[in-house]
Amino acid sequence: LELEERQYTGMPYAKPVFSMRFEVHRNLPNYFLDCIIIPGLPPLFAISAIHLPLSPIMPRIMVSFISFLALCVHTKELSELLPAGQWCWAFTLLAYFLTLLSMTTVANVWLFKLAEANKELADKHENALKWVL
């Protein structure tokens, strides 16, 4: 914080002027939170939705779809937050997470349809999916 007297052109007297200097530093924990932890939560919720019962399919689909939407909104917010040149690695991680969310949504629908035809086979595939994810 600095105070100085400035004489402006056309004014018969000097005016006091305050100037304030801010130093802004990038903080690694903030990048870690905004670019890894927060985008990692929606896929975690979608993967945990696989442990819900298969018979009412709507909760599984809702959790997967809302997670997908949350990640898309965070991608837009993150693109405004990151400086130029830093978006590429964050976008790679987000593209992987969006692919994972798409896979869980499609797998949930497929398992529900398979359970209508053959419950035993659907249970085997669901256990394999739980193990993979």
Side-chain angles (χ1 to χ4, degrees):
L1 189 63
E2 298 174 6
L3 174 64
E4 65 181 61
E5 294 283 331
R6 268 197 204 158
Q7 180 73 34
Y8 289 103
T9 316
M11 294 189 74
Y13 56 90
K15 291 178 75 176
V17 176
F18 282 100
S19 61
M20 186 179 292
R21 174 180 279 185
F22 291 101
E23 290 186 23
V24 179
H25 299 282
R26 293 184 181 157
N27 194 355
L28 184 62
N30 286 345
Y31 275 129
F32 189 72
L33 176 71
D34 289 336
C35 299
I36 295 175
I37 293 177
I38 292 176
L41 289 176
L44 184 66
F45 290 141
I47 289 170
S48 65
I50 292 175
H51 297 284
L52 292 173
L54 187 59
S55 59
I57 189 65
M58 192 53 74
R60 281 182 160 198
I61 297 300
M62 283 184 354
V63 168
S64 296
F65 184 68
I66 289 172
S67 297
F68 190 86
L69 287 179
L71 199 57
C72 289
V73 168
H74 186 71
T75 302
K76 181 186 178 298
E77 180 183 320
L78 196 62
S79 68
E80 295 172 359
L81 176 71
L82 289 175
Q86 297 292 321
W87 63 270
C88 54
W89 61 270
F91 182 72
T92 303
L93 180 68
L94 291 170
Y96 171 74
F97 283 157
L98 289 172
T99 304
L100 186 67
L101 287 173
S102 299
M103 184 185 76
T104 57
T105 305
V106 170
N108 282 327
V109 172
W110 180 74
L111 281 172
F112 181 72
K113 286 299 189 182
L114 184 62
E116 289 177 348
N118 189 348
K119 179 73 173 153
E120 188 176 306
L121 184 60
D123 288 338
K124 288 181 182 179
H125 281 286
E126 186 176 18
N127 289 335
L129 185 63
K130 286 177 184 176
W131 182 80
V132 167
L133 293 175

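Nothing here was measured: the structure is a model prediction, and the numbers come from that model.
- L121 and F112 fall within a single hydrophobic cluster, where Ile, Leu, Val, Met, Phe, Trp and Tyr are joined by side-chain heavy atoms under 4.5 Å apart, directly or via other members.
- One hydrophobic cluster, built from ILVMFWY side chains closer than 4.5 Å, holds both F32 and L71.
- In this structure, the separation between OG1 on T104 and CG on L129 is 8.0 Å, given to the nearest 0.5 Å.
- In K124, the NZ atom is not crowded: 12 or fewer heavy atoms of neighbouring residues, nucleotides or ligands sit closer than 6.0 Å.
- No single ILVMFWY cluster, assembled from side-chain heavy atoms under 4.5 Å apart, contains both W131 and L114.
- Put simply, the side chain of H74 gets close to the backbone of D34: a donor and an acceptor are under 3.5 Å apart.
- Summarising the geometry, atom CG belonging to N30 is positioned 10.5 Å from atom CD1 belonging to I37; distances are rounded to the nearest 0.5 Å.
- Cluster membership check: V106 does not share its hydrophobic cluster with V109, using side-chain heavy-atom separations under 4.5 Å among Ile, Leu, Val, Met, Phe, Trp and Tyr.
- Annotation: side chain of R60 is in contact with side chain of L54 (closest heavy-atom distance under 4.5 Å).
- The shortest heavy-atom contact between T99 and A95 is OG1-O, 2.8 Å.
- To the nearest 0.5 Å, atoms CG (L78) and CZ (F91) are separated by 11.0 Å.
- When every heavy atom of P59 is checked against every heavy atom of L52, the shortest pair comes out as CB-CD1, 4.1 Å.
- Summarising the geometry of P43 relative to L101, their closest heavy-atom pair is CA-CD2, 3.7 Å, with the distance given to 0.1 Å.
- The distance from atom CD1 of I50 to atom CG of N108, rounded to the nearest 0.5 Å, is 5.5 Å.
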Test side chain to side chain contact (heavy atoms under 4.5 Å, CB included) applied to V17 and Y8, step by step: CA-CA 11 Å; V17 176; Y8 289 103; 3.6 Å; yes

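- Note that CD1 of I61 is 13.0 Å distant from CZ of F68, once rounded to the nearest 0.5 Å.
- Under the 4.5 Å side-chain heavy-atom criterion for grouping Ile, Leu, Val, Met, Phe, Trp and Tyr, M62 is not connected to F45 through any hydrophobic cluster.
- For Q7 (side chain) and M11 (main-chain N/O), a donor-acceptor pair under 3.5 Å exists by modelled atom type.
- Looking at S67, P42, C72 one by one, the single match for side-chain contact (heavy atoms from CB on, under 4.5 Å) with L98 turns out to be C72.
- Atom-to-atom distance recorded for L94:CG and I36:CD1 is 10.0 Å, nearest 0.5 angstrom.
- Applying the 6.0 Å contact sphere to CD of E116 captures more than 12 heavy atoms from other residues, nucleotides or ligands.
- Here the side chain of S79 pairs a donor or acceptor atom with the backbone of K76 at under 3.5 angstrom.
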